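It should be emphasised that the depicted structure is a prediction, and the values quoted were computed from it without experimental measurement.
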Amino acid sequence: GAPPLPGGTPAAGGGGQSGGAAVKGPYASGRDWSKIEKTLAAEAEEKKEGEAALNEMFQKIYADASDDVKKAMNKSFSESGGTVLSTNWNEIAKKKEGE
């Protein structure tokens with residue numbers, strides 16, 4: 001076996017930190033995370049395009065809508081398989097599924 005170190009601990013397989021030296025953790029990457037965080041925040045601030053912009057607009061409409069508008073949006077979207085999104089409950093309420 002390995003010769004014991006002072007204090008009776010074998011040299012091989014020992015664990016633990018040596019006295020007070022600043023040792024990087026095993027997963028330290030050297031990346032500047034604060035810079036990466038700022039970049040991500042800037043990307044989130046950028047104007048969304050295409051489907052993301054459309055989705056955000058529909059979420060805003062839904063959040064500000066009355067109960068009837070929410071019901072119309074849910075019913076029209078689910079019954080059409082995602083091809084129709086109406087806000088007119090008076091029109092949607094009369095339609096049966098599949099019309």
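If you chain together hydrophobic residues whose side chains sit under 4.5 Å apart, Ile92 and Leu85 never meet in one group. Linking Ile, Leu, Val, Met, Phe, Trp and Tyr residues whenever their side-chain heavy atoms come within less than 4.5 Å places Met73 and Phe77 in a single cluster.
Of the inter-residue distances, the one linking Lys71 atom NZ with Asn74 atom CG reads 10.5 Å to the nearest 0.5 angstrom. Note that the OG1 atom of Thr87 and the CZ atom of Phe58 stand 10.0 Å from one another [nearest 0.5 Å]. Asn88 contributes atom CG, which lies 9.5 Å from atom CG of Asp68 (distance to the nearest 0.5 angstrom). Here the straight-line distance linking atom NZ of Lys35 with atom OG1 of Thr39 works out to 6.5 Å at 0.5 Å rounding. Atoms CD and CD, from Glu51 and Glu56 in turn, are 13.0 Å apart once rounded to the nearest 0.5 Å.
Considering only heavy atoms from C-beta on, Val69 stays 4.5 Å or farther from Trp89 through its side chain.
Listed by chain and number, the residues in a salt bridge (Lys or Arg N to Asp or Glu O under 4.0 Å) with Lys70 amount to none (sequence neighbours excluded).
Between Ser86 and Ser76 the shortest heavy-atom distance is N-OG, 2.8 Å. Nearest heavy atom pair, residue Asp32 against residue Ser34, reads OD1-OG, 2.8 Å.
Within a 6.0 Å sphere centred on CG of Asp64, heavy atoms belonging to other residues, nucleotides or ligands number more than 12.
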